[in-house]
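Residue numbers start at 1 and run along the sequence shown. Everything numeric in this text was worked out from a predicted model, so none of it was measured.
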Amino acid sequence: MINVLLADDQALVRAGFKALLDAQPDMTVVAEAADGAEAVRLCCELRPDVVLMDIRMPGTDGLKATRRMPEGPRVIILTTFELDEYVFEALRGGASGFLVKDTEPAELIQAVRVVAAGEALLSPSVTRRLIAEYASRAKEPLSAHALDQLTDREREVLALVGAGLTNDEIAARLFMSPATAKTHVSRAMTKLQARDRAQLVVVAYETGLVRPGWL
């Protein structure tokens, strides 16, 4: 069972998400929060698997709350593409991915399952636009020397991860099996101490391996 916490200041939005998720045989909403501070407190207490976090809330917003999350819960940022300018910062702060609020119900359900399984939610159609636009806003960029511990092949794979490619797409591009691509991704994560694929994307941009506008 996937335990989900909802963090949104709009009760109607939370009610809609709760009805949708509770209807799934493998999911249950264990708590709701109306602001970021409450979300952090409940996560420390309940340790849910996944947090659906609105980025714009009064008091402690979703960005600050994501940075303060305890180890364990994986955060999916809920955003409106036209208005929210902090998605990249949220990924840097530990979010495992993001969704636009008007996403289809089936996509939301799948997103929760993907993130709960330990993967990052990086839909190429949305990720490439958002990352390309906001990556340059990142603070305290990493030195390119951070990549010195990677092999040449791992650098290639990291660049493609940063461009939003899936393991299957990386495998096709580099003429390797999907399993081999996954292994390279996992090794890069270990060496760079990245918690998930989203963090690899951040590293790819911060070190200059991939730059906005290259996608």
**Asked** Are V51 and V40 connected, step by step, through hydrophobic side chains (Ile, Leu, Val, Met, Phe, Trp, Tyr) whose heavy atoms are closer than 4.5 Å?
**Response** yes
**Request:** For side chain to side chain contact (heavy atoms under 4.5 Å, CB included), just list the numbers for L63 and I77, CA-CA rounded to whole Å, side-chain angles, deciding distance to a tenth of an Å, and then say yes or no.
**Result:** CA-CA 9 Å; L63 182 60; I77 293 291; over 6 Å; no
**Request:** Please assess D8 against K101 for the test salt bridge (Lys or Arg N to Asp or Glu O under 4.0 Å), listing each intermediate value before the final yes or no.
**Result:** CA-CA 11 Å; D8 196 298; K101 278 193 171 181; 3.1 Å; yes
**Asked** Is any side-chain heavy atom of V112 less than 4.5 Å from a side-chain heavy atom of D49?
**Response** no
**Item:** Main-chain N/O of G36 paired to R68 side chain as donor or acceptor, under 3.5 Å
**Value:** no
**Item:** M57 versus A34, closest heavy-atom pair with distance
**Value:** SD-O, 4.0 Å
**Message:** Can you tell me how far apart CD (Q110) and CD (E104) are? Round to the nearest 0.5 Å.
**Reply:** 14.0 Å
**Request:** Using the side chain to side chain contact (heavy atoms under 4.5 Å, CB included) rule, take M1 and V30 through it: C-alpha gap first, then chi angles, then the decisive distance, then the call.
**Result:** CA-CA 11 Å; M1 185 66 69; V30 295; over 6 Å; no
**Prompt:** Does a side-chain heavy-atom distance below 4.5 Å link L6 with L21?
**Reply:** yes
**Prompt:** Taking side chain as C-beta onward, heavy atoms only, is L192 less than 4.5 Å from L150?
**Reply:** yes
**Contact summary for A181 and I170, nearest pair of heavy atoms** = CB-CG2, 4.1 Å
**Message:** Is the shortest side-chain heavy-atom distance between V185 and M189 below 4.5 Å?
**Reply:** yes
**Request:** Provide the closest heavy-atom pair for A31 versus L42 in the form atom of the first, atom of the second, distance.
**Result:** CB-CD1, 4.0 Å
**Item:** Note, P105 side chain near L20 side chain (heavy atom, < 4.5 Å)
**Value:** yes
**Item:** Any pair counted as salt bridge (Lys or Arg N to Asp or Glu O under 4.0 Å), so long as it reaches residues 12-31, sequence neighbours left out
**Value:** R14-E32, K18-D22, D26-R113
**Request:** For T103, enumerate each residue passing the side-chain contact (heavy atoms from CB on, under 4.5 Å) test, keeping only those at least two apart in sequence or located in another chain.
**Result:** L99, V100, E107, L108
**Request:** Taking the side chain as every heavy atom from C-beta outward, state whether I55 and D61 have any atom pair closer than 4.5 Å.
**Result:** no
**Message:** Within the 4.5 Å heavy-atom criterion, are L52 and L5 side-chain neighbours or not?
**Reply:** no
**Asked** Tell me the salt bridge (Lys or Arg N to Asp or Glu O under 4.0 Å) pairs involving residues 176-192, sequence neighbours left out?
**Response** E154-K191
**Asked** Roughly how far apart are E38 CD and D9 CG, rounded to 0.5 Å?
**Response** 11.5 Å
**Message:** As an exercise, state the distance from CZ of F175 to OG1 of T180, rounded to the nearest 0.5 Å.
**Reply:** 14.5 Å
**Request:** Show your reasoning for whether side chain to side chain contact (heavy atoms under 4.5 Å, CB included) applies to R155 and L147.
**Result:** CA-CA 8 Å; R155 280 176 178 251; L147 304 182; 3.6 Å; yes
**Asked** Atom CG of D54 and atom CG of D35: how far apart are they, to the nearest 0.5 Å?
**Response** 11.0 Å
**Complete:** V201 and V161 have their tightest heavy-atom pair at CG2-O, 3.5 Å
**Message:** Return the OH to CG distance between Y205 and L200, rounded to the nearest 0.5 Å.
**Reply:** 13.0 Å
**Request:** Only counting residues at least two apart or in another chain, list the ones meeting salt bridge (charged side-chain N to carboxylate O under 4.0 Å, His left out) with K64.
**Result:** none
**Prompt:** Given Q193 and Q199, is the side chain to side chain contact (heavy atoms under 4.5 Å, CB included) satisfied, shown in steps?
**Reply:** CA-CA 9 Å; Q193 297 183 330; Q199 293 293 293; over 6 Å; no
**Asked** CZ of R173: more than 12 outside heavy atoms within 6.0 angstrom?
**Response** no
**Side chains of I2 and T28 in contact at under 4.5 Å (non-hydrogen atoms)** = no
**Asked** Is there a donor-acceptor pair under 3.5 Å between the side chain of T66 and the backbone N or O of G62?
**Response** yes
**Request:** Mind checking side chain to side chain donor-acceptor pair (under 3.5 Å) for S186 and listing every partner two or more places apart, or none if nothing turns up?
**Result:** none
**Fill in**
What one should report as the nearest heavy-atom pair of V4 and P48 is C-CB, 4.4 Å
**Fill in**
On a heavy-atom basis, the closest approach of T60 and A37 is CB-N, 3.4 Å
**Asked** Got a sec, which residues hit salt bridge (charged side-chain N to carboxylate O under 4.0 Å, His left out) with R153, two or more places apart in sequence or on another chain?
**Response** E156
